Amino acid sequence: MLAHVGEHSNTKSVIYTIKGKQVEGHFLMEREGKVFIEQENGKIISADLNDFSFSNQASLSKKIAFLKQINTENRVVGKFTKNTESTDYQSIYVFLFIGILGFIILMKKQNQNPKMAYFLGSFMLFFYACKTNEAEPTTSTTNTTPTLSKTDPSFIEKVFTPYKSEVKTRFDDTYFYVETEGIPQTHNMMVGITSWQQQVPIPQGYTGSNAWSIPLKPEFAASPLSFKTNFMKGAVAIAPNGIPIFNPLNNRGEDAFAIGELDQWGGHCGRADDYHYHIAPLHFEATAGNNPIAMALDGFAIYGTKEPDGTAMKTLDEYHGHNYSNTYHYHTDTKYPYFMAAMRGKVSLDPSTPAPENQILPQAKSAGVRPALTALKGASITNFKATGTNAYSLEYTLDSKKAYVNYAWDTKGVYTFTFIGIDGKSTTTQYTKK
Ligand SMILES: [Zn+2]
Ligand SMILES: [Zn+2]
């Protein structure tokens with residue numbers, strides 16, 4: 001606590017943004033995800049780390065990580081001191097033992113009865129044995145990192161089996177490949193979005209050489225990369241229906257789900273009108289059984305809320321997963337970071353997209369047909385339906401009035417968009433997919 005007092009006398013106040021409200025003060029501490037801020041008037045307030053603005057979260061996370069590191073170092077020092085103490089106890093025992101032995105010999109030489117010394121010696125030996133036994137378990141509880149072996153492709157195949165009508169799979173020695181057209185066939189899309197960039201789902205050719213690639217020989221990363229400062233471009237995992245899963249933070253570093261960018265299924269469309277999820281969609285638990293609900297691009301599986309044997313989820317580590325029977329896997333949750341906090345496995349990064357983008361390679365490419373649009377403030381998507389073969393209608397509500405984007409494409413790749421505004425006026429534009 002004293003260190004904290006010293007810290008604030010030197011620390012300038014910072015203006016924090018908590019749930020959109022500005023608060024001036026300085027960081028005191030973090031406990032179980034709650035951040036404590038001391039205001040200028042001495043009043044201490046606390047808020048969830050996730051309620052702070054993203055830039056606040058980034059600087060606070062750094063501070064918290066730094067404090068944690070200091071605490072860990074202290075703990076290591078503490079442990080070391082304790083070990084030294086127990087070594088000292090050992091030497092005291094040895095010293096006393098030799099002393100009593102000497103006493104027995106002396107008594108024998110003088111023909112006196114050494115009963116008392118025998119008794120003391122046996123008592124000490126017994127006590128020492130107990131003490132040693134007691135110490136044993138602490139030395140045997142080291143958490144070993146498993147040696148990883150090649151993943152059996154049939155294990156990954158099971159993840160995609162329930163969606164084989166819309167997903168094709170194949171594998172070679174290095175990768176398990178997933179091919180899809182990029183439009184989910186078993187659930188609706190877009191409904192529920194309240195922060196919309198005017199994008200709509202169109203098919204993507206994640207096929208052939210542009211298929212998704214899941215490594216079959218996962219390796220642990222020496223220092224796993226955090227999702228808060230990496231992977232803000234491209235997919236990080238693949239869902240059972242072949243739809244890519246992106247970082248829960250959008251490309252501006254905001255929690256996409258929390259700010260209303262995602263539909264009821266955890267997805268939305270990117271700048272290329274490419275549909276993708278930003279959270280591991282838990283609705284796949286309904287069809288997954290005890291299998292994973294997604295595969296991460298580092299080659300590790302992502303499970304739902306249960307372990308592979310159906311039992312309750314075990315404690316998660318800082319990457320949002322844990323070692324499990326000679327491998328590693330992640331788990332999903334309904335709150336941030338949802339499914340992965342850091343990439344536990346090694347991945348190759350695209351050198352042309354430095355951090356925080358750090359796109360993973362290989363990565364299937366999405367392709368649009370029209371220029372990307374901007375956010376339509378106040379619009380919420382209220383309906384989305386197929387109106388024919390390769391034809392959809394998206395309904396949104398703005399100022400309590402309904403508006404529509406109707407679109408369709410033909411076999412030659414000609415896309416026709418009809419925009420019907422809240423004033424009822426309609427405009428039609430055509431684009432051709434290259
Ligand atoms: Zn997105
Ligand atoms: Zn698990």
Side-chain angles (χ1 to χ4, degrees), residues 54 143 145-146 155 159 182-184 189-190 192-202 204 218 227 231-239 243-282 285 288-296 300-333 336 338-341 344-345 353 356-357 359-360 363-366 368 372-375 381:
F54 182 67
N143 202 357
T145 308
F155 168 80
V159 178
I183 292 190
M189 294 168 280
M190 307 307 280
I193 291 175
T194 56
S195 174
W196 181 45
Q197 303 276 327
Q198 301 192 68
Q199 251 74 48
V200 295
I202 65 164
Q204 302 291 333
F227 274 53
F231 316 123
M232 290 194 189
K233 187 183 167 91
V236 294
I238 306 299
I243 298 297
I245 304 171
F246 283 37
N247 193 326
L249 302 177
N250 64 19
N251 53 13
R252 295 177 302 283
E254 302 153 325
D255 181 339
F257 179 73
I259 64 168
E261 282 193 343
L262 306 184
D263 63 22
Q264 293 167 12
W265 302 270
H268 73 174
C269 296
R271 295 168 67 81
D273 288 318
D274 54 309
Y275 187 82
H276 57 256
Y277 304 112
H278 273 272
I279 51 175
L282 269 167
E285 271 199 306
N290 284 346
N291 297 315
I293 63 156
M295 287 301 300
F300 293 125
I302 302 171
Y303 281 86
T305 51
K306 285 191 176 122
E307 294 299 340
D309 61 5
T311 57
M313 184 175 83
K314 294 189 168 61
T315 313
L316 301 181
D317 60 22
E318 70 243 68
Y319 319 119
H320 221 255
H322 51 213
N323 297 332
Y324 188 92
S325 105
N326 291 325
T327 185
Y328 183 89
H329 62 231
Y330 303 98
H331 277 279
T332 46
D333 202 342
Y336 187 86
Y338 303 107
F339 63 105
M340 288 164 93
R344 185 67 188 94
T353 60
E357 287 191 333
Q359 175 171 246
I360 295 168
Q363 176 95 212
K365 282 190 179 71
S366 53
L373 298 174
T374 52
I381 298 171

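Just so we're clear, the structure is a prediction, and the values are computed from it rather than from any experiment. All ligand and atom numbering here is 1-based and tracks the order in the structure.
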query: Looking only at atom types and distance, does a side-chain atom of H331 sit under 3.5 Å from a main-chain N or O of G304, one as donor and one as acceptor?
result: yes
Applied to residues 267-277, the salt bridge (charged side-chain N to carboxylate O under 4.0 Å, His left out) test, sequence neighbours excluded, yields D273-R370
Within the structure provided, determine whether M189 and I183 are in side-chain contact (heavy-atom separation under 4.5 Å). yes
Ignoring waters, protein N/O/S atoms under 2.8 Å from the Zn ion (ligand 1) are H268 NE2, H276 NE2, H278 NE2
Which of K314, R344, E307 passes side-chain hydrogen bond (donor to acceptor under 3.5 Å, both in side chains) with H322? Answer is E307
Original post:
Using the benzene-type ring in the case of Trp, are the ring centres of H278 and F246 under 6.0 Å apart?
Top reply: yes
> Above 12 or not: heavy atoms from other molecules or residues under 6.0 Å from NZ of K365?
Replying inline: no
Look only at the side chain of N323 and the backbone of N326, and say whether a donor-acceptor pair between them is shorter than 3.5 Å. no
Protein N/O/S atoms closer than 2.8 Å to the Zn ion (ligand 2), ordered by chain and number, come to E307 OE1, E307 OE2, H322 NE2, H329 NE2, H331 NE2
More than 12 heavy atoms of other residues, nucleotides or ligands under 6.0 Å from CZ of F257: yes or no? no
side-chain hydrogen bond (donor to acceptor under 3.5 Å, both in side chains) filter on N291, not counting sequence neighbours, yields none
